[in-house]
Amino acid sequence: MPQGKPLSVPDDGLTTRQRRNRPLLIVHTGPGKGKSTAAFGMALRAWNQGWPVGVFQFVKSAKWRIGEERALRVLGESGEGGPVAWHKMGEGWSWIRRPGAEEDHAAAAREGWAQIKRDLAAETYRFYVLDEFTYPIKWGWVDLDDVVEALTSRPGVQHVVVTGRDAPERLIGAADLVTEMGKVRHPMDAGQKGQRGIEW
């Protein structure tokens with residue numbers, strides 16, 4: 001895109017303004033670090049525009065006090081940008097298998113997805129972050145066909161960004177913007193665990 005201009009203009013009958021303001025389905029996937037970080041950066045832009053922002057975190061622990069959550073909550077309550085709602089959908093890192101816990105995680109994921117569908121139908125938010133949402137899809141806890149249908153037929157001007165590894169091809173095919181984060185090197189490869197201020 002030279003100088004921010006599209007390479008081609010579709011013959012869709014829309015004006016430049018209408019096409020520019022079309023709501024987007026965005027997917028951040030791949031094995032590299034930064035998928036959620038990029039989504040939260042977009043949430044900051046949405047907040048700055050005065051848009052209501054809804055964050056739905058899947059998989060990550062409800063006990064974690066991550067920096068993006070605190071920052072967006074403070075900003076949402078500041079009265080200067082849009083309101084921010086933060087929802088944690090689960091009991092923690094679901095790939096750590098504990099006896100009897102998987103069904104609890106699956107039920108929490110299904111309820112989280114049901115809430116997202118209710119919010120999409122009601123047009124509750126203008127910008128949604130479905131953080132780590134590819135995992136409940138991959139594990140079969142939520143139905144992929146239902147996800148694609150609900151996200152592609154959402155009403156109004158609601159932007160949605162989905163993060164997580166292994167995004168299914170049908171979701172990628174339905175998205176307007178897909179970024180794959182590649183990994184070249186990571187401190188964990190050398191035995192270093194995640195650290196404060198970098199991972200949370």
Side-chain angles (χ1 to χ4, degrees), residues 24-96 98 101 104-120 122-139 141-142 147 151 154 158-167 177 179 181 186-188 192-200:
L24 299 177
L25 173 57
I26 303 160
V27 175
H28 295 170
T29 194
K33 178 175 170 45
K35 297 176 288 292
S36 297
T37 304
F40 293 134
M42 295 178 83
L44 287 173
R45 292 174 177 168
W47 169 84
N48 186 59
Q49 294 299 319
W51 297 353
V53 175
V55 177
F56 295 83
Q57 273 198 307
F58 292 82
V59 181
K60 288 177 180 170
S61 175
K63 296 176 183 175
W64 276 29
R65 298 292 174 251
I66 64 168
E68 296 95 342
E69 178 182 0
R70 181 164 184 258
L72 281 167
R73 283 187 186 273
V74 168
L75 289 172
E77 294 168 3
S78 71
E80 296 201 19
V84 177
W86 198 285
H87 308 277
K88 295 186 179 183
M89 304 299 173
E91 312 252 337
W93 291 98
S94 299
W95 49 79
I96 300 173
R98 291 186 297 274
D104 292 342
H105 291 304
R110 285 191 293 272
E111 176 48 37
W113 171 238
Q115 182 60 54
I116 291 164
K117 288 201 298 184
R118 290 190 290 268
D119 285 331
L120 288 169
E123 299 182 52
T124 304
Y125 308 107
R126 179 98 186 256
F127 190 87
Y128 294 73
V129 176
L130 310 188
D131 189 38
E132 310 287 6
F133 189 50
T134 60
Y135 296 106
I137 297 171
K138 178 181 177 179
W139 297 328
W141 294 350
V142 295
V147 168
L151 294 181
R154 67 196 184 280
Q158 302 176 95
H159 299 277
V160 178
V161 58
V162 176
T163 75
R165 294 181 183 212
D166 304 317
L177 171 59
T179 299
M181 307 287 189
H186 194 289
M188 290 183 84
Q192 182 175 340
K193 290 190 174 184
Q195 61 177 294
R196 194 182 304 265
I198 302 298
E199 270 75 29
W200 71 91

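Keep in mind that the numbers below use all heavy atoms, side chains included, and drop hydrogens, waters and symmetry copies.
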Q: Please report the closest heavy-atom contact between Q195 and Q192, naming both atoms and the distance.
A: NE2-NE2, 3.0 Å
(Q) Taking the side chain as everything from C-beta on, heavy atoms only, tell me whether I198 gets closer than 4.5 Å to K33. (A) yes
Q. Any side-chain heavy-atom pair from T124 and Q158 closer than 4.5 angstrom?
A. no
Q | Side-chain donor or acceptor of R165 paired with backbone N/O of P31 under 3.5 Å | A | yes
**Q.** Polar side-chain atom of Y128 near backbone of D119 as donor-acceptor pair, under 3.5 Å
**A.** yes
Q.
Does R118 have more than 12 heavy atoms from other residues, nucleotides or ligands lying within 6.0 Å of its CZ?
A. yes
Q. Can you tell if the side chain of V162 reaches within under 4.5 Å of the side chain of L151, non-hydrogen atoms only?
A. yes
Q) At their closest point, which heavy atom of A38 faces which heavy atom of H28, and how far apart are they? A) CB-CE1, 3.6 Å
(Q) Looking at every non-hydrogen atom in both residues, tell me the closest pair between V142 and A109 and how far apart they are. (A) CG1-O, 3.9 Å
**Q.** A43 to L72 - nearest heavy-atom pair and separation
**A.** CB-CD1, 4.2 Å
Q | Flag side-chain contact, heavy atom, 4.5 Å: V160 against I116 | A | no
**Q.** D131 side, atom CG; E68 side, atom CD - distance, nearest 0.5 Å
**A.** 8.5 Å
**Q.** Minimum heavy-atom distance between F40 and V55, given as atom pair plus value
**A.** CE2-CG1, 3.8 Å
(Q) Closer than 3.5 angstrom, by distance alone: can the side chain of H159 be matched with the main-chain N or O of L24 as a donor-acceptor pair? (A) yes
What pairs of donor and acceptor atoms, side-chain ones from residues 77-87 against any protein atom, are under 3.5 angstrom apart with sequence neighbours left out?
residue : atom : partner : partner atom : Å
S78     : OG   : L75     : O            : 2.6
S78     : OG   : E80     : N            : 3.2
W86     : NE1  : Q57     : OE1          : 3.1
H87     : NE2  : Y125    : OH           : 3.1

Q. Side chains of T134 and F58: does their closest heavy-atom pair fall under 4.5 Å?
A. no
(Q) Taking salt bridge (charged side-chain N to carboxylate O under 4.0 Å, His left out) as the definition, give me every residue that meets it alongside R70, ordered by chain and number, with sequence neighbours left out. (A) none
(Q) What's the separation between atom CZ in F127 and atom CD in Q49, rounded to the nearest 0.5 Å? (A) 11.5 Å
Q. Under 4.0 Å between a Lys/Arg side-chain N and an Asp/Glu carboxylate O for K138 and E132?
A. no
Q | W47: partners by ring-ring contact (aromatic ring centres under 6.0 Å, His included), with sequence neighbours left out | A | none
Q: Taking the side chain as every heavy atom from C-beta outward, state whether E69 and K88 have any pair of such atoms under 4.5 Å apart.
A: yes
(Q) Could you tell me if the side chain of T29 sits less than 4.5 Å from the side chain of D166, heavy atoms only? (A) no
Q. Any side-chain heavy atom of W113 sitting closer than 4.5 Å to one from F56?
A. no
